[in-house]
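Since the model is a prediction, treat every value here as computed from it, not as a measurement.
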Amino acid sequence: MSLNPVSAKDLKVISEVSRVKSQDIATLPRDALTNFIRSINENQQETEPFYVLDLRVVIGLMEKWNQSLPNVKPFYAVKCNCEAAILVALATLGANFDCGSKAEIETILGLGYSPGRILYANPCKAISHIKYAAKVGVNLTTFDSKEEVNKIKKWHPHCRLLLRLKVPNDDHLKMISSRSINEKFGAFPDEIGPLLQHAHQAGLQVLGVSFHVGYKASEAKIFRTAISAARFVFSAAAELKMPPMHILNIGRGFRDIPLFDEIAKTVNDSIQEYFPDEKSVSVIAEPGRFFVETAFTMVTNVIGKRVIRGEAIQYWIDDGIYGSFNLAVYDRSSMILKPLLLQSEDGDCAGSEAAASSTIFGPTCDALDIVVSDCKLVELQVGDLVVFYNMGAYTTSPATKFNGFNRFAMPTYLAYTTPN
């Protein structure tokens, strides 16, 4: 089967990623991904879980972002997934980076990118990390307290600032935004004036405003509320005779779901409403899961099995909640699984009539290491595969070495799929 031609832009991404990873990238039809997974499994020297990253998905998501939010510059949240291939792909496509620590800054600089492409988006930083940012020239960060201003003034006096806000009406927003982080970060409305004055008196320039509506906003209107609050800060700075602000950071909360279109429209309309002189304001964002959640597929091996009273079946796979499935503890909404049968002639799922009540455990000795409970699966055998889709966001990045299972260095194989 012939493949559709690859565009020059896509070829550039493939070339840059291949150069950095020193790895060939498989170009294949979209429906050939399963066979690609089989091939990887068959050629492994030792059986282990692995990831497949589809670069075409990442490229498509950047195209969608640019079409939907053409005036919003993405600063990818490195903590979401720090796989080098995704960082290089996004940088090649024009994204910058949101880093929250010295190690994340080192990662971006180590790939050869300029410190000017980094926003140090952590409102509370260790002094040693502030010193490092000053040393390497990362000169834009966030703050939400006088104490943070004092640290920055002492250790990085040339740094420029974004004031991190609490999004108003947080009690309501907790109901419409998963995992609101307003309790940990952000200035209250009555703190804004004193904080602006304190930074100004310290000789530090406040360039703009930053906020974060929550990791998974479920209503678009939350962005309008936050952008309205940001407008108030711009006005407060003007009343204090501070240099004009010109950066609006609308944070995170974006996913590749139908709601994204409504969010994008709300953001665009709200910016026009509250910042009508758009050319004087640079709008940025810190998307993470939007670019990676659907781009990664994870493949695990069935390493154990137990049938209980001839009815329910328990399986063990070689990764669990202390590795890539830590996210499942609080977020099961996007993960999709599909068995891949290698020990039968069918090589795929049978009909639903053959399904049995099943539980999938991770490999550790912790009884709480449950990946999926009470699901319906065709009967699997030791050596079969369980493939998990939408596994790119906050999976390997928070992994541990609990019980001696090291999932930090799990291999990622690269693909570029084309329409059939």
How far apart are the C-alpha atoms of Asn301 and Leu385, what are their side-chain angles, what is the distance that settles it, and do they pass the side-chain contact (heavy atoms from CB on, under 4.5 Å) test?
-> CA-CA 5 Å; Asn301 302 273; Leu385 305 179; 3.1 Å; yes

Backbone of Met391 reached by a side-chain donor or acceptor of Thr395 within 3.5 Å = yes

Please determine, by modelled atom types, if Asp366 and Tyr322 share a side-chain donor-acceptor pair under 3.5 angstrom.
-> yes

Indicate yes or no: does Lys305 engage Glu379 in a salt bridge with an N to O separation below 4.0 Å.
-> yes

Evaluate the criterion side-chain contact (heavy atoms from CB on, under 4.5 Å) for residue pair Leu109 and Val136; output intermediate values, then yes/no.
-> CA-CA 9 Å; Leu109 299 181; Val136 299; 3.7 Å; yes

Any chance the side chains of Asp10 and Tyr416 put a donor and an acceptor closer than 3.5 Å?
-> yes

Does NZ in Lys154 sit with more than 12 non-hydrogen atoms of other residues, nucleotides or ligands closer than 6.0 Å?
-> no

In short, Asp318 meets Pro49 closest at the heavy-atom pair OD2-CD, 3.3 Å

Begin with the C-alpha distance, continue with both residues' side-chain angles, and end with the deciding distance and a verdict on side-chain contact (heavy atoms from CB on, under 4.5 Å) for Phe223 and Ser270.
-> CA-CA 8 Å; Phe223 281 92; Ser270 299; 5.9 Å; no

Do any N or O atoms from the side chain of Gln23 and from the backbone of Leu414 form a donor-acceptor pair under 3.5 angstrom?
-> yes

Report the C-alpha separation of Asn150 and His198 in whole Å, then their side-chain angles, then the decisive distance to 0.1 Å, and conclude whether the side chain to side chain donor-acceptor pair (under 3.5 Å) test is met.
-> CA-CA 9 Å; Asn150 296 340; His198 189 71; 2.8 Å; yes

Tyr51 and Ser324: side-chain donor and acceptor closer than 3.5 Å?
-> yes

Hey, what do you get for CG (Leu140) to CG (Leu119), rounding to the nearest 0.5 Å?
-> 5.0 Å

Here the gap from Leu248 atom CG to Asn71 atom CG, rounded to the nearest 0.5 Å, amounts to 12.0 Å

Do Ile152 and Leu204 touch side chain to side chain, with heavy atoms closer than 4.5 Å?
-> yes

Do other residues, nucleotides or ligands put more than 12 heavy atoms under 6.0 Å from Asn43 CG?
-> yes

Any side-chain donor paired with an acceptor under 3.5 Å for Asn81 and Ser397?
-> no

Think Arg164 forms a cation-pi with Phe211, using NZ or CZ under 6.0 Å from the six-ring centre and within 45 degrees of its axis?
-> no

Under 3.5 Å: donor-acceptor pair, side chain of Thr141, backbone of Tyr120 | yes

Would you please say whether a donor-acceptor pair under 3.5 Å links the side chains of His129 and Asn122?
-> no

side-chain contact (heavy atoms from CB on, under 4.5 Å) between Val209 and Leu165: does it pass, once the steps are laid out?
-> CA-CA 7 Å; Val209 175; Leu165 305 181; 3.3 Å; yes

Please list all pairs passing the salt bridge (Lys or Arg N to Asp or Glu O under 4.0 Å) test where one or both residues lie in residues 122-136, with sequence neighbours left out.
-> Lys125-Glu148

Pair Lys265 + Glu262, salt bridge at N-O below 4.0 Å = no

Only one of Phe388, Phe361, Tyr394 passes ring pair (Phe, Tyr, Trp, His ring centres under 6.0 Å) with Phe325; say which it is.
-> Phe388

Donor-acceptor pair, side chain of Ser358 and main chain of Ala356, under 3.5 angstrom = yes

Between Arg224 and Tyr274, is any side-chain donor less than 3.5 angstrom from a side-chain acceptor?
-> yes

Where the side chain of Asp144 meets the backbone of Gly186, is there a donor-acceptor pair that is under 3.5 Å apart?
-> yes

Between Arg289 (side chain) and Asp256 (backbone), is there a donor-acceptor pair under 3.5 Å?
-> no

Only one of Asn403, Thr364, Asp319 forms a side chain to side chain contact (heavy atoms under 4.5 Å, CB included) with Asp369, so which one is it?
-> Thr364

Measure the spacing between CH2 of Trp155 and OG of Ser128 and express it to the nearest 0.5 Å.
-> 10.5 Å

Show your working on side chain to side chain donor-acceptor pair (under 3.5 Å) between Arg306 and Gln314 and close with a plain yes or no.
-> CA-CA 5 Å; Arg306 180 172 61 187; Gln314 296 176 331; 2.4 Å; yes

Non-hydrogen atoms of Ala187 and Leu195 that approach each other most closely | CB-CD1, 3.6 Å

What is the distance from atom OG1 of Thr142 to atom CG of Leu163, rounded to the nearest 0.5 Å?
-> 9.5 Å

Using modelled atom types only, decide if a donor and an acceptor are shared between the side chain of Gln44 and the backbone of Glu48 within a distance under 3.5 Å.
-> yes

Apply ring-ring contact (aromatic ring centres under 6.0 Å, His included) to the pair Phe254 and Phe290, showing each step before the final yes or no.
-> CA-CA 5 Å; Phe254 308 97; Phe290 177 84; 7.2 Å; no

Do the non-hydrogen side-chain atoms of Leu162 and Phe143 ever get within less than 4.5 Å of each other?
-> no

Derivation of the side chain to side chain donor-acceptor pair (under 3.5 Å) call for Thr266 and Asp269 = CA-CA 5 Å; Thr266 299; Asp269 291 347; over 6 Å; no

Would you confirm whether Arg117, through its side chain, and Ala95, through its main-chain N or O, come within 3.5 Å as a donor-acceptor pair?
-> yes

Quick one: does Phe260's side chain get under 4.5 Å of Ser68's, heavy atoms only?
-> yes

Rounded to the nearest 0.5 Å, how far does CG of Leu207 lie from NE2 of His246?
-> 4.5 Å

Side chains of Asn139 and His156: do they bring a donor and an acceptor to under 3.5 Å?
-> yes

Only counting residues at least two apart or in another chain, list the ones meeting ring pair (Phe, Tyr, Trp, His ring centres under 6.0 Å) with Phe75.
-> none

Interatomic distance, Gln272 atom CD to Ile227 atom CD1 [nearest 0.5 angstrom] = 11.0 Å

Salt-bridge criterion met for Glu191 and Lys146 (N-O under 4.0 Å) | no

Cation-pi geometry met for Lys102 and Tyr132 (6.0 Å, 45°) | yes

With no hydrogens and no angle check, is any side-chain donor or acceptor of Glu83 less than 3.5 Å from a backbone partner on Ala85?
-> yes

Is it true that Lys73 and Glu286 have a side-chain N and a carboxylate O under 4.0 angstrom from each other?
-> no

Mind running side chain to side chain donor-acceptor pair (under 3.5 Å) on Ser334 and Asn390 for me, showing each step along the way?
-> CA-CA 6 Å; Ser334 60; Asn390 301 335; 5.3 Å; no

Using the ring of each side chain (for Trp, its six-membered ring), is Tyr413 parallel, tilted or perpendicular to Phe50, with breaks at 30° and 60°?
-> perpendicular

With sequence neighbours left out, the residues meeting side-chain hydrogen bond (donor to acceptor under 3.5 Å, both in side chains) with Asp374 are Ser357

Verify, without hydrogens or angle tests, whether Asn41 (side chain) and Ile37 (backbone) share a donor-acceptor contact under 3.5 angstrom.
-> no

Near-ring test Phe296/Tyr389, centroid separation under 6.0 angstrom | no

